2 protein chains.
Amino acid sequence: MEKQTITIYDVAREAKVSMATVSRVVNGNANVKQETKEKVEAVIERLGYRPNAVARGLASRRTTTIGVVIPDVTDHYFAELARGIDDVAAMYHYQIILANSDESDTKELQVLENLLSKQVDGIVFMGNLIDDGIRKEFARADVPIVLAGSVDHVSEQPSVNIDYTTAIGEATTKLLKNGHKRVAFVTGSLDHGINREFKLKGYMNALAVAGVDYDESLVLQGDYDYQSGYQIAALVQDAKATAAVVVNDEMAAGLLNGLTDAGVNVPDDFELITNNNSKIAVMTRPQMSSITQPIYDLGAVAMRMLTKLMNHEELAVKNIILPHGYIDRDSTK
Amino acid sequence: MEKQTITIYDVAREAKVSMATVSRVVNGNANVKQETKEKVEAVIERLGYRPNAVARGLASRRTTTIGVVIPDVTDHYFAELARGIDDVAAMYHYQIILANSDESDTKELQVLENLLSKQVDGIVFMGNLIDDGIRKEFARADVPIVLAGSVDHVSEQPSVNIDYTTAIGEATTKLLKNGHKRVAFVTGSLDHGINREFKLKGYMNALAVAGVDYDESLVLQGDYDYQSGYQIAALVQDAKATAAVVVNDEMAAGLLNGLTDAGVNVPDDFELITNNNSKIAVMTRPQMSSITQPIYDLGAVAMRMLTKLMNHEELAVKNIILPHGYIDRDSTK
DNA sequence: AATCACATTGTAACCGTTTGCAGTTATGCA
DNA sequence: TGCATAACTGCAAACGGTTACAATGTGATT
């Protein structure tokens with residue numbers, strides 16, 4: 001037995017007004033007599049009327065839905081970002097369509113296509129790699145798109161990030177100052193622009209400033225997870241590194257444990273700084289020193305920015321850089 | 001300069017066919033001559049036509065969107081569940097609207113209301129607490145709803161879970177068999193049905209079987225996060241417990257580190273078993289023994305179940321129980 | 001009492017598809 | 001060749017709202 005869906009017509013009939021008036025009441029339009037308003041509201045309550053957002057979206061051309069493309073919800077960094085996005089979205093009465101992209105070009109494209117066809121009012125895009133296919137889709141989109149925790153030095157999408165280059169540079173410098181000659185840089189794939197164009201640069205800058213030669217064998221690429229970090233422990237030793245800056249907490253935890261299991265004492269024999277200061281950083285023993293990022297805020301600010309864009313407001317700054325910091329724990333001396 | 005949205009009319013005109021035919025082509029309807037089909041597809045390609053999912057949703061009354069209510073994306077357990085859901089949803093060409101509920105009644109209700117008004121084709125609900133308000137909304141919904149990793153012994157919503165009672169019971173028994181007289185049960189709020197009605201029961205059953213008296217002071221409630229676990233370390237010692245079953249990896253990690261920091265050696269002085277076997281379980285030192293749950297699968301199966309329901313297929317089993325296991329690591333002897 | 005501005009309400013044209021039904025054309029078979 | 005049947009295709013009515021614009025009602029003003 002299908003439930004009878006009750007529409008704005010039903011309400012209008014019962015309340016003896018036109019559907020236009022009901023629509024006004026539902027949308028909080030001021031031009032309705034108080035008395036009428038109450039009458040309509042009573043009927044709405046009695047009938048249990050619930051506006052159909054799809055019809056509304058078609059008629060008004062706004063869906064109060066925004067699309068969020070995320071590499072993987074299961075990655076704590078992005079989950080936290082997503083949380084920031086969702087919270088301010090909710091605050092502005094937007095709902096979120098969440099789509100995992102797995103950093104795969106084809107999936108990203110497909111996902112964007114889907115979102116756009118769903119007529120989302122805007123998109124927050126997270127991804128380490130932005131290629132021409134994506135850029136083309138961005139250009140084709142008729143809604144605003146902002147990048148969160150993701151950079152593209154080519155296109156000029158609005159974005160919210162921290163200064164990755166400086167952050168990594170500072171961490172590297174700290175290690176260098178501690179006397180290390182061979183500090184490794186443990187990163188995700190260098191195919192990802194954010195790693196190659198920003199983080200690696202920071203690492204190299206720091207080396208240059210310290211007058212240390214860049215040695216490619218000290219740059220180790222993993223794929224952001226614990227396991228790959230654990231495996232890199234061996235590589236790091238092969239490379240005779242005595243310290244490392246790691247771009248991601250999970251990999252850092254893996255590296256730390258891998259080293260420890262191999263009998264290397266952190267921080268006495270090896271110092272390590274991680275990048276995200278997620279809760280993982282305090283779960284390991286020793287706890288990990290870390291660059292601190294306002295991850296949640298990155299998402300929140302990105303979403304706030306998107307609301308402005310959707311509202312056709314001018315942006316004071318198009319590419320926002322949030323401040324980062326550093327917290328000293330027990331993986332450094 | 002607003003971009004011109006191009007509609008099915010435009011395609012129809014260009015291809016010199018009716019919009020009905022275009023619609024058929026787009027939807028893969030078989031009753032279209034191959035030649036016509038190709039002609040239309042060429043025009044679609046040329047014009048860059050992209051069907052408007054909102055209009056489609058209104059006309060067809062199906063949105064190919066499903067709602068997912070999640071306590072918190074940032075909680076790895078639920079994130080993993082969500083990933084399972086999203087993957088099979090994508091497989092069946094559904095998109096997901098993700099809504100964080102924070103386990104708050106009001107937010108949950110509001111979120112359900114939103115989803116329903118968006119005309120989602122179905123809902124996967126995750127939450128530790130299901131009260132009458134929620135149940136009423138469930139009943140009022142005209143789309144299928146399935147519970148994932150969430151139980152309600154009152155209503156009879158379709159659901160996918162593991163046998164929490166048995167799982168916790170087994171873990172408790174293992175500890176009891178190891179000679180412990182005072183094993184603590186570290187849980188989330190007992191206001192949450194899943195804890196009180198299922199997990200606690202398992203703990204109590206195991207005690208009963210072993211002939212050990214139930215001591216309320218050994219039941220410690222936290223709020224699922226690392227910090228609360230860390231604090232519980234002191235309480236556990238106050239209660240003179242020598243072992244613990246913990247319902248959540250983050251709390252377990254907190255407890256473990258709290259204990260270690262207090263000079264208690266795990267597993268020699270204290271044994272501990274956690275519940276989710278998430279990646280956190282292997283990040284701690286010692287690594288944690290854990291009940292194993294097919295978390296991803298819980299989500300995947302729930303979503304698969306939902307597709308059947310949305311398809312009006314009969315369910316062989318309404319309340320699915322997936323198998324759990326146990327993995328021995330270094331927090332037990 | 002006539003007039004005017006403003007507050008309120010109603011009318012009806014979309015929004016972009018899907019889909020039942022009817023019409024048209026092609027095909028198979030006696 | 002004639003006709004039933006199948007394969008295509010088009011027409012037009014929904015789907016459930018929003019929103020210009022028109023219409024009406026109201027009290028104030030002169």
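Residue numbers start from 1 in every chain, and the chains themselves are labelled A, B, ... in the order their sequence lines are given, proteins ahead of strands. The shown structure was predicted, so the numbers you read here are calculated from the model rather than taken from an experiment.
Listed candidates were dT17(C), dT18(D), dT9(D). Nearest to the side chain of Arg56(B) is dT17(C). Distances from the side chain of Thr7(B) to the nucleotides dT17(C), dG17(D), dC8(D) place dT17(C) closest.
Using a 4.0 Å heavy-atom distance criterion, Val26(A) is classed as making no nucleic acid contact.
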Please list, pair by pair, any protein nitrogen or oxygen found under 3.5 Å from a nitrogen or oxygen in nucleotides 19-21 of chain D.
none

What are the atom names and distances for every N/O pair under 3.5 Å that joins the protein to nucleotides 4-7 of chain D?
none

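We find that Asp131(A) and Arg135(A) are not joined by a salt bridge, their nearest charged nitrogen and carboxylate oxygen being 4.0 Å or further apart. At a threshold of 4.0 Å, the pair Asp121(B)-Arg62(B) does not count as salt-bridged, since none of the basic side-chain nitrogens sits closer than that to a carboxylate oxygen. Under 4.0 Å is where a charged nitrogen must lie from a carboxylate oxygen, and between Arg46(B) and Glu14(B) at least one such pair does. Using a 4.0 Å cut-off between a side-chain N of Lys or Arg and a carboxylate O of Asp or Glu, Arg304(A) and Glu313(A) do not qualify as a salt bridge.
The residue among Tyr9(A) and Gln34(A) whose nearest nucleotide of DNA chain C lies closer to the 5′ end is Gln34(A). Mapping Ala30(B) and Arg61(B) onto DNA chain D by nearest heavy atom places Ala30(B) closer to the 5' end of the strand. Sequence order on DNA chain C of the closest nucleotides to Lys33(B) and Arg50(B) puts Arg50(B) first from the 5' end.
Here the side chain of Asn319(B) pairs no donor or acceptor atom with the backbone of Pro158(B) at under 3.5 angstrom.
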